[in-house]
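Below: one structure, written as structure tokens.
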Amino acid sequence: MNPDSTGLIDFIDGNKIWEIVDSTTRTEADQVYDILDKAAEAKGLSLEETARLLQVEDLELNEAIFETARKVKQEIYGNRMVLFAPLYITNECSNRCAYCGFKATNKELQRRTLSADEIRQEVSVLENQGHKRLLLVYGEHPKFGADWIAETVRKVYDTVSEKSGEIRRVNINCAPLDVEGFRKLHEVGIGTYQCFQETYHRETYAELHPSGHKKDYLWRLHAMHRAMEAGIDDVGMGTLLGLYDYRFDTIALLTHAAELEAKFGVGPHTLSFPRLEPALNADIAFNPPYPIFDAQFKRLVAVLRLSVPYTGLILSTREGRGLRRELLDLGVSQLSAGSRTYPGAYSDPDYDRPDVQQFCIGDNRSLEEVISEIVEHGYVPSWCTACYRAGRTGEQFMELAKKGFIQEFCHPNALLTFKEYLLDYAHKDTQKRGNSLISRELECFAVKRKGVVSDRLNRIEHGERDLFL
Ligand code: SAM
Ligand code: SF4
């Protein structure tokens, strides 16, 4: 672990990670059940235990992994599901990531950066659908520094539409900044800073990122350190599956998480595990060098749920409807819905243009359609932003989560935000099904809690908004 010339240390030891993966390819059934007994206590798993579960092929043992993941998921998160939408601000980019439609060498892509008015327009459309949480997405270009990014975040928060519409949490996915840059984002009130390492395998990383700022692996690897140093304590990490062996990248991702926990007392707030999707002029995206198949992907989600039980797991619309449905039970806690992946897409009457979007989407349904389906399956959609706005972030949030806070506070807050959605945005039949779900959920609360939540639901019926516990 020697520092490079910039003083940054590579804390991902590739040889050690391969050693863990290689030494755990075969695991006896008894050993799998022992690991699952431990996992059921929701205290997490070691890297070695995680690698063992990741490589279990036997169908019966796989079902045992899924069963344990479903239980842990239910115990910690219950049946609430946080919803959000990505908002692409710019697709201008000076990097050349081999897999991305936004790469600088893609001359066929129409480049666009939203103006302040266009940002307002896009946000209004999303607010009028009922969204309260957005993830802003940016290409990396020298034109766009931290001040400019902070200004776009401010624009989003400042856009308030009719029907009580406002965005209450802005998360962002942009290229890594320096500490001072991250401080500007913190000051403007971003929720989570999200950035994926893509792959932790250095040779593969070098091949896929031949030029531009993103070429610098260590600068990116230390992005979360700098963000945390700047006071952003909710960070979201991930790897882009399909670039390298998913077992290697998963164990490396968890090593990265452990490094943050050791250094800052808290690991990532969320993990993402996007799979490579076809993208305009990105040959590698049509033909992933290391494809990860559905069965492996499902196991990966379940194993992550067991390995880091209190870390949010995010699923995007890259995946298709059927698989998304299954993955909710297995561990996912946040879902994007109604997503469009190019700047200006939400106000585009000619939506669905491959010449502008970043990659192909697997689930094209609207927010309301997604809500309708998850409600049918007994999930409560949530737009809750209470913790972030009450300053319960980072280590403080993780401590609370471990004491059952999610069920005690997040669940009632989910019902309150869902009630707002039903009143302000839902069609009649969703309203009907949603209200009966809320009534059923209320019956599960202890008497005192039920009284408090019923009172707030009543106030919302009478026009108050943004109430939370
Ligand atoms: N430009 C910034 C960066 O690269 O970190 C942030 C925005 S970039 C559009 C967000 C993420 O999209 C990347 O980190 C990458 O994992 C993902 N991505 C890029 N191309 C993709 C593809 N073809 N399929 C799926 N995800 C892709
Ligand atoms: Fe640019 Fe990000 Fe796409 Fe790479 S992944 S080309 S940095 S937008």
Side-chain angles (χ1 to χ4, degrees), residues 86-107 109 111-113 135-146 149 152 171-177 181-182 185 190 192-200 204-205 207-217 219-224 227 235-244 246 249 253 270-292 297 314-320 336 339-343 345 354 356-363:
L87 171 58
Y88 281 69
I89 302 290
T90 177
N91 62 9
E92 293 189 72
C93 192
S94 52
N95 291 319
R96 276 177 49 202
C97 311
Y99 43 80
C100 181
F102 292 175
K103 63 180 176 179
T105 46
N106 184 2
K107 299 296 176 207
L109 186 88
R111 302 287 165 176
R112 182 165 176 195
T113 297
L135 172 71
L136 307 193
V137 184
Y138 307 77
E140 178 171 19
H141 198 283
K143 285 196 285 193
F144 310 127
I149 295 176
T152 59
N171 299 328
I172 74 168
N173 184 324
C174 69
L177 302 170
F182 278 128
L185 296 189
I190 66 159
T192 305
Y193 169 66
Q194 185 185 69
C195 178
F196 308 148
Q197 189 63 29
E198 320 298 11
T199 176
Y200 289 87
T204 308
Y205 187 95
E207 260 171 51
L208 299 176
H209 306 98
S211 68
H213 205 185
K214 194 159 165 180
K215 187 175 170 192
D216 190 340
Y217 172 93
W219 175 253
R220 196 168 180 90
L221 188 65
H222 282 256
M224 299 314 179
V235 297
M237 311 194 318
T239 63
L240 183 54
L241 299 169
L243 302 183
Y244 191 60
Y246 75 94
D249 272 332
L253 177 66
T270 55
L271 293 181
S272 300
F273 26 85
R275 281 198 289 188
L276 203 52
E277 287 295 326
L280 181 69
N281 291 331
D283 297 339
I284 181 182
F286 288 89
N287 199 4
Y290 291 84
I292 163 164
F297 189 58
I314 301 185
L315 189 65
S316 78
T317 52
R318 289 173 181 85
E319 300 304 332
S336 56
S339 307
R340 296 183 173 189
T341 63
Y342 59 87
V356 277
Q357 71 184 11
Q358 191 202 3
F359 50 78
C360 299
I361 282 181
D363 183 354

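Both counts, for ligands and for their atoms, begin at 1 and track the order of listing.
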*Enter the distance from Asn281:CG to Lys103:NZ here, rounded to the nearest 0.5 Å.*
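It comes to 6.5 Å.
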*Inter-residue atom distance Thr317.OG1 - Asp363.CG, 0.5 Å rounding*: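 If we round to the nearest 0.5 Å, Thr317:OG1 and Asp363:CG are 6.5 Å apart.
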*Pairwise side-chain contact, Leu253 with Met237, heavy-atom cut-off 4.5 Å (strictly under)*: yes
*asked:* Can you confirm whether Thr341 sits close enough to Asn91 that some side-chain heavy atom of one is under 4.5 Å from a side-chain heavy atom of the other?
replied: no
How far is [atom] from its nearest protein heavy atom, and which residue and atom name does that atom have?
atom	value
atom 26 (N) of ligand 1	Arg318 NE, 3.0 Å
atom 6 (C) of ligand 1	Asn173 OD1, 2.9 Å
atom 24 (N) of ligand 1	Glu277 N, 2.9 Å
atom 12 (O) of ligand 1	Gln358 NE2, 3.1 Å

_Considering atom 4 (Fe) of ligand 2, could you give the total of protein N/O/S atoms lying closer than 2.8 Å?_
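Protein N, O or S neighbours of atom 4 (Fe) of ligand 2 under 2.8 Å, waters not counted, come to 1.
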_Residues Glu92 and Lys143 bridged, charged N to O under 4.0 Å_ =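 Counted as a salt bridge, because a side-chain N and a carboxylate O are separated by less than 4.0 Å.
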*Close-contact set for ligand 1 against Leu240 heavy atoms, below 4.0 Å*: 16 (O), 25 (C), 26 (N), 27 (C)
*asked:* At less than 4.0 angstrom from any non-hydrogen atom of Val137, what atoms of ligand 1 do you find?
replied: 7 (C), 9 (C)
*asked:* Before you tell me yes or no, could you show the steps for Leu87 and Ile89 under side chain to side chain contact (heavy atoms under 4.5 Å, CB included), namely the whole-Å CA-CA distance, both residues' side-chain angles and the distance that decides it to 0.1 Å?
replied: CA-CA 6 Å; Leu87 171 58; Ile89 302 290; 4.0 Å; yes
*Given Tyr138 and Thr152, is the side chain to side chain donor-acceptor pair (under 3.5 Å) satisfied, shown in steps?*
CA-CA 11 Å; Tyr138 307 77; Thr152 59; 2.8 Å; yes
*Taking distance alone, with no angle check, do Glu198 and ligand 1 share an N/O pair under 3.5 Å?*
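Between Glu198 and ligand 1, an N or O pair is found under 3.5 Å apart.
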*To which of Tyr99, Tyr138, Phe286 does the heavy atom nearest atom 20 (N) of ligand 1 belong?*
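The option holding the nearest heavy atom is Tyr99.
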*From the candidates His213, Lys214, Arg275, Glu140, the one that places a heavy atom nearest atom 4 (O) of ligand 1*: Lys214
*Take the angle between the ring planes of Tyr88 and Phe102 and call it parallel below 30°, perpendicular above 60°, tilted in between.*
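Ring orientation, 0 to 90° scale: perpendicular.
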_By the definition side chain to side chain contact (heavy atoms under 4.5 Å, CB included), identify the one residue from Glu277, Arg275, Glu198, Gln197 that meets it with Leu240._
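Testing each of Glu277, Arg275, Glu198, Gln197 against Leu240, the sole residue satisfying side chain to side chain contact (heavy atoms under 4.5 Å, CB included) is Glu198.
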*ligand 1 versus Arg220, non-hydrogen atoms closer than 4.0 Å: side chain, backbone, both, neither?*
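Side chain only.
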_Closer than 3.5 angstrom, by distance alone: can the side chain of Ser94 be matched with the main-chain N or O of Glu140 as a donor-acceptor pair?_
yes
_salt bridge (charged side-chain N to carboxylate O under 4.0 Å, His left out) partners for Lys215, two or more places apart_ = none
